[in-house]
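Worksheet: one structure, shown below.
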Amino acid sequence: MSQNKTLFDKVWDAHVVETVPDGPQVIYIDKHLIHEVTSPQAFAELEARGLEVFRPNQIVATADHNVPTLGQELPIKDELSRTQVQQLTENCKKNNIELYGLGHQYQGIVHIIAPELGITQPGMSIVCGDSHTSTHGAFGAIAFGIGTSQVAQVFASQCLLMNKPKSMRVSVNGKLNKDVQAKDVILYIISKIGTDAGTGYFCEYAGNVFEEMSMEGRMTVCNMSIEMGARGGMIAPDETTFNYVKDREFAPKGEEWTEKVAYWKTLKSDSDAVFDKEFEFAAEDIRPMITYGTNPGMGISIDSKIPTAQNESEEKALKYMGLNAGQSTSDIKVNYVFIGSCTNARIEDFRSAADYVKGKHKAENIIAWLVPGSQKVAKQIYDEGLDKVFNDAGFQIRQPGCSACLAMNEDKIPEGEYCVSTSNRNFEGRQGQGARTLLASPLTAAKVAVEGRIPAFENLN
Amino acid sequence: MQKLVLINSQAVPLPSENIDTDQIIPARFLKRISKEGFGENLFRDWRYNVHTNEPNADFVLNNIKYSGEILVAGNNFGCGSSREHAAWALTDYGFKVVVSSYFADIFKGNALNNGLLPVKVSENYLKDLMNTITNQPETKIIVDVENQIISFNERTENFELDSYKKICLLNGYDDIDFLTSKKEAIQKFEQKAQKVYAQNL
């Protein structure tokens, strides 16, 4: 058998406990992240079977999905949300699991806090009952979302039964145009290969565009791997990765750090590794992107016209969005802008928005919500003075959580309204019943807020 | 988990493609802390008028012509969020099988963990099946788990099913039973993994 391994092979193979004959493999999980929505039934399952949590030290919990983003210091008003968060608190206490709940300095969106605390490290296997767990692949970890039954399995055994996914590679080489952010790169890729191109695969992103990207950018890209159907995305760890992890709260220290880095440096695809599927794109072809439909694959460059529907589901999407083929994106009557979510609520996202917004004011017709991904990001916004830029410009800075990404809390977009959002999904009703979501980068979202409509980007080259 | 051996039932046609789990069960209904009751909100925003909460007459679940334990859906079913609530909503409503030409990975796993069988068929077969049940709702579809065969009106097709998952379905076992029987191997792995890191691999 060939020794030429992909990055994915290397990390996966290091976590195989055993292989069931003619069946799946038992995969060991290094870190298990949990939140209030997908864990209660798993804890109940464990209790019903009289089982204990096997490795509580390898679990980290936070409250993010349905926490309010205003008045977080007060009791949660919505009774069901409050019950879920309370249940998480009780379950964690009972099972000795570390919880960064509301009021804790580390609280935030699960996929934002684990990397910024140094919990996420290269070569790990990481799972969470949340599809955007693919985010952590930016560190060269195998990270993927699981269902609640699997949350219970990891509680019970720190392992999962899985068939090894196939491997694919998406390469982007060349020089990115001005104003093109990581979000545009991934929206472009999904618009080209479709929302099911990755089904059954783990995707490695390669090429100089990803090598030159910051960790924040890489996380944005890997975050949306799930939107093309992939189980997860990965980027080989390098000096950018090591520099990001170093000295964070839970990063290895001293001799352990040196040992780990030596191991992490081996985590890259061998030069002759073979992938089951490959795609290649040129960086120069990518322009700032926006979606116009009801899945993340329905994206176009921002200065294009709305395309003609090719089939019934695209017709249905245009109808839901209230858009017509041939229309310019600048004609869409946008009233909301949301910068937040596990895709784009990191400090770099707010810095890039603030850079543009500085000295300007939002348009009259726009309500602009800024929701930091974590308490730490919120603190950075204030420490760096970005709050002043945003407040002067009429943006509203809220408290950390998933917020208007999935409308489980009060932050909902009203029916029929358009929202340019830095989140990851534009599904029907995702931001509230009847809400119409247009996915874009933080820079685009900031421009929309200021100009009051979707802008034409100039001087792309 | 309940055993699933042979299903012989009418089916409900839902021809939309890319049905995501937000449509199967919208996020605002994920706040329960038990697995029960999600069926009432299955396809909530398609099934009920958003303002009046009256059933939408043109949605298939509200059409008395159609019923059964089998849902037949368009390509790429279950994409989007990993919420297992989608599988719970389908089983709680009474479905035991979903037929499509493509299933999203996480949904497929979640379904199998809850005794809901995703049957992946060819696009042609799906087209014929969808047409047939739409026009002749009384058509019986047989899904034979043991032999991995789906059939209607003498038209049969084989479907894939992981042999381990098949044993689970046929016997009503689940993964927790299996994994908790492997504690010793898991502890050995943990000791070995620590050494591997220590030696710098």
Measuring from atom [atom1] of [X] to atom [atom2] of [Y], what distance do you get when rounded to the nearest 0.5 angstrom?
{"X": "E190(B)", "Y": "R55(A)", "atom1": "CD", "atom2": "CZ", "value": "4.0 Å"}
{"X": "Q153(A)", "Y": "D175(B)", "atom1": "CD", "atom2": "CG", "value": "4.0 Å"}
{"X": "S82(B)", "Y": "F144(A)", "atom1": "OG", "atom2": "CZ", "value": "11.5 Å"}
{"X": "I186(B)", "Y": "C159(A)", "atom1": "CD1", "atom2": "SG", "value": "3.5 Å"}

Between [X] and chain A, with a heavy-atom cut-off of 4.5 Å, which part of the residue counts as in contact: side chain, backbone, both or neither?
{"X": "K182(B)", "result": "side chain"}
{"X": "Q187(B)", "result": "side chain"}
{"X": "D105(B)", "result": "both"}
{"X": "F103(B)", "result": "backbone"}
{"X": "N113(B)", "result": "both"}

Candidates V37(A), L80(A), T83(A) - the one meeting side-chain contact (heavy atoms from CB on, under 4.5 Å) with I33(B):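 The side-chain contact (heavy atoms from CB on, under 4.5 Å) with I33(B) is passed solely by T83(A) among V37(A), L80(A), T83(A).
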
Are D174(B) and R49(A) ion-paired here, with the side-chain N under 4.0 Å from a carboxylate O?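 Yes, charged N to carboxylate O under 4.0 Å.
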
Considering only NZ, NE, NH1 and NH2 on the basic side and carboxylate oxygens on the acidic side, decide whether E79(A) and K31(B) come within less than 4.0 Å.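 Here E79(A) does not pair with K31(B) in a salt bridge, since their nearest N and O are not under 4.0 Å apart.
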
I need the minimum non-hydrogen distance between [X] and [Y], along with the two atoms involved.
{"X": "P24(A)", "Y": "Y164(B)", "result": "CD-CB, 3.3 Å"}
{"X": "S16(B)", "Y": "K316(A)", "result": "OG-NZ, 4.3 Å"}
{"X": "I176(B)", "Y": "A152(A)", "result": "CD1-CB, 3.6 Å"}

At a 4.5 Å cut-off on heavy atoms, which part of [X] comes close to chain B: side chain, backbone, both, or neither?
{"X": "A156(A)", "answer": "both"}
{"X": "V16(A)", "answer": "backbone"}
{"X": "E45(A)", "answer": "side chain"}
{"X": "V20(A)", "answer": "side chain"}

Are I106(B) and I146(A) close enough, and set up right, to give a side chain to side chain contact (heavy atoms under 4.5 Å, CB included), and what steps lead you there? CA-CA 7 Å; I106(B) 303 181; I146(A) 55 176; over 6 Å; no

Can a donor-acceptor pair be found, under 3.5 Å and without considering hydrogens, that links the side chain of [X] to the backbone of [Y]?
{"X": "S163(B)", "Y": "D22(A)", "answer": "yes"}
{"X": "Q84(A)", "Y": "L30(B)", "answer": "yes"}
{"X": "R425(A)", "Y": "G80(B)", "answer": "yes"}

Can you tell me if N295(A) and D20(B) form a side-chain donor-acceptor pair at under 3.5 Å?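 Checked: N295(A)/D20(B) side chains show no N/O donor-acceptor pair below 3.5 Å.
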
Ignoring hydrogens and geometry beyond distance, is a side-chain donor-acceptor pair present between Q41(A) and S34(B) at under 3.5 Å?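 Looking only at side-chain atoms, S34(B) and Q41(A) do not form any donor-acceptor pair under 3.5 Å.
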
Side chain to side chain contact (heavy atoms under 4.5 Å, CB included) assessment of R28(B) paired with M408(A): CA-CA 5 Å; R28(B) 62 187 187 279; M408(A) 276 193 82; 6.0 Å; no

Sort out for me which of G145(A), G200(A), S131(A), P40(A) touches chain B most, counting heavy-atom pairs under 4.5 Å.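 The candidate making the most pairs under 4.5 Å is S131(A).
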
